[in-house]
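Only one structure is covered here, and it is reproduced in the block below.
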Amino acid sequence: MQQTTAWPLALALVCLIIYASLYPFSEWRNQGISPLRFLASPLPKYWTGFDVGINLLGYAPLGFLLAVSALRSRRVAWAVSVSVLGAGLLSLAMETLQNYLPSRIPSNVDLALNTLGAWIGACCALALERSGLIDRWSRLRARWFSPDARSVLVLLLLWPVALLFPASVPMGLGQVFELLESALADALADTPFLEWMPMREVELQPLVPLAELVCVALGALIPCLLGYCVIRRLGQRAVFAVAALAIGLGVSALSAALSYGPEHAWAWLDVPVQAGIGMAVVLAALLLAVPRRAAAALALLALATHLSLLNQAPANPYFAQTLQIWEQGRFIKFYGLVQWLGWFWPYAALACMLARLSSQEPKALASET
C-alpha cells in the first residue's frame, strides 16, 4: 500500500501550531489560578475578523490532514470525529499552557474556533474521499512518483513555505552558522569553556558575485534533484523542474514584497541571481535522465556545497529592520515559523538523502529512471 504524505505533514503542522501558540517561550510563571478557568470566562467584548479567520484557518489544515491520514490508512473508524477530537485536545493543551505565559491570553472562543476549523477541514477531507478525488490523486501520484516518495514529497511541499523567510542570498536556506556561533558564545559566557571555542579572526563577508551565483544555482537546483529521486519518467521530470523553478521564483518575489514592499518584489533579481537561475535551468535540463539513486547523490553533494557557501556569508543586514516592522503587525508568529523552517529544511533534506542512499532499494525500483 502506498504511503500517504498526510500524516508527516500533520505532524509538521502540529509542531508549527505549538510554536505559534507558545511563542515567545519565555517568562513562564504561575498565576495561582486554575489553568482551566478560561473555559468558563465570559466571551470577549472585542474581536476582529482577522482573529476569527486565523483561528479557523490555523486548525482547518490539521483537521484535513488528520482525517486524510485516518481515511487512507483504513484503520480508524469515525475518521472525522477522531480528527476533530485530536485537534481539539491539542488546542485545549495550547490554551491551557498560555495561562503561564504573560504575553499570551487563553480564550474559550479560540478553543471553539480551533475545533470548528478542524471540523471544517475534516469534513472537507471526507467529502473529497467520497467524491473520489483523493483516490484520483493517489492514482496520479502512483503514475508520477515511486512508492517510497513520501519523505521527499513532504520536503517538496514545505520548500516554498521555507522560502517565504527573507534570506541574505536568494534561494538560500539553512544559514545558521553565525546564529549557532552567537548562541553558543552566549551560553558559554562567564565560563572557562568559552576559551575552547574556535574564534574567527575576521567578520563574515558577503559572498562575491561568483559565489552568490553558484549558491543561487544550487539552491534552485536542489528541489529539482529531490524530485528526480522519486519521479519516474523523463517528461514528468521536465514538467516538475519547470514548476519547481517557477514556484521558487514566485515565492521569493512574494517574500520580498511582504518584507520590503510590493515595489521591491523583484529587487533581489540582480545579475548574479539571474545568472544563477539560468545555470539552474541548464543543469536541471542536463540532469533530466540521471538515475534516481544518482540524483540522490547529486542532491546530497549540492546540499553540502550550498550550505558550505551560504554559511560563509553574514545574515541579511536588512532583516533586523524588517523584523521590527513585522513585530508591530499580526504576522510575527507566522514569520517565526517560516524562519525555523528555512533554517532546518536543508538539513532535513540532507538526512533524507543520506537515508535513501544508505537504504537497499528493491530491484524493481532500482531499475527505474
Review point. Closest heavy-atom contact between S168 and L310?
Key: OG-CD1, 4.5 Å

Check your understanding: Counting only N and O atoms by type, is there a donor-acceptor contact under 3.5 Å from the side chain of H264 to the main-chain atoms of A257?
Key -> no

Review point. With a 4.5 Å heavy-atom cut-off, do T96 and P106 have their side chains touching?
Key: no

Study note, to complete from the structure: Heavy atoms of V68 and A125 approach each other most closely as CG2-CB, 3.7 Å

Review point. In Å and rounded to the nearest 0.5 Å, what is the CG to CD distance from L90 to E95?
Key: 10.0 Å

Check your understanding: Considering all heavy atoms of both residues, which atom of A162 and which atom of L173 are nearest to each other, and what is their separation?
Key -> O-CD2, 3.7 Å

Check your understanding: Hey, is CH2 on W345 packed in by over 12 heavy atoms from elsewhere, all under 6.0 Å?
Key -> yes

Check your understanding: Does any N or O in the side chain of S69 come within less than 3.5 Å of the main-chain N or O of L65, such that one atom is a donor and the other an acceptor?
Key -> yes

Review point. Under 3.5 Å, is there a donor-acceptor pair between the side chain of R37 and the main chain of N99?
Key: no

Point to revise | Heavy atoms of other groups near I105 CD1, more than 12 under 6.0 Å | key: no

Check your understanding: Among pairs that include at least one residue of residues 83-94, which meet side chain to side chain donor-acceptor pair (under 3.5 Å), considering only residues two or more places apart or in two chains?
Key -> S91-N114

**Study point:** 4.5 Å side-chain heavy-atom contact, L163 and S255
**Key:** no

Point to revise | Residue pair P223 / F240: nearest heavy atoms and the distance that separates them | key: O-CE2, 3.4 Å

Check your understanding: So, Y59 side chain and L113 main chain: donor-acceptor pair closer than 3.5 Å or not?
Key -> no

Check your understanding: So, for L303 and M353, which heavy atoms are closest and what is the spacing to 0.1 Å?
Key -> CD1-CG, 4.4 Å

Review point. Any chance CH2 of W7 has more than 12 other-residue heavy atoms, nucleotides or ligands included, within less than 6.0 Å?
Key: no

Exercise for review: Using modelled atom types only, decide if a donor and an acceptor are shared between the side chain of E212 and the backbone of V273 within a distance under 3.5 Å.
Suggested key: no

Practice item. Indicate yes or no for a side-chain donor-acceptor contact from R356 to the backbone of C229 under 3.5 Å, with no hydrogens or angles considered. Key: yes

Check your understanding: Taking the side chain from S358 and the backbone from A355, do they hold a donor-acceptor pair closer than 3.5 Å?
Key -> yes

Review point. For L357, does its backbone N or O pair with a side-chain atom of R293 as donor and acceptor, under 3.5 Å?
Key: yes

**Study point:** G248 backbone acceptor or donor facing S252 side chain under 3.5 Å
**Key:** yes

Practice item. State, with a plain yes or no, whether a side-chain heavy atom of L97 is found less than 4.5 Å away from one of M94. Key: yes

Practice item. Please report the closest heavy-atom contact between V290 and R237, naming both atoms and the distance. Key: O-NH1, 2.5 Å

Check your understanding: Where the side chain of R233 meets the backbone of R143, is there a donor-acceptor pair that is under 3.5 Å apart?
Key -> yes

Exercise for review: For atom CZ of R130, decide whether the heavy atoms of other residues, nucleotides or ligands shown that lie under 6.0 angstrom number more than 12.
Suggested key: no

Study note, to complete from the structure: Exactly one candidate in V154, L155, L156 meets side chain to side chain contact (heavy atoms under 4.5 Å, CB included) with L158; the answer is V154

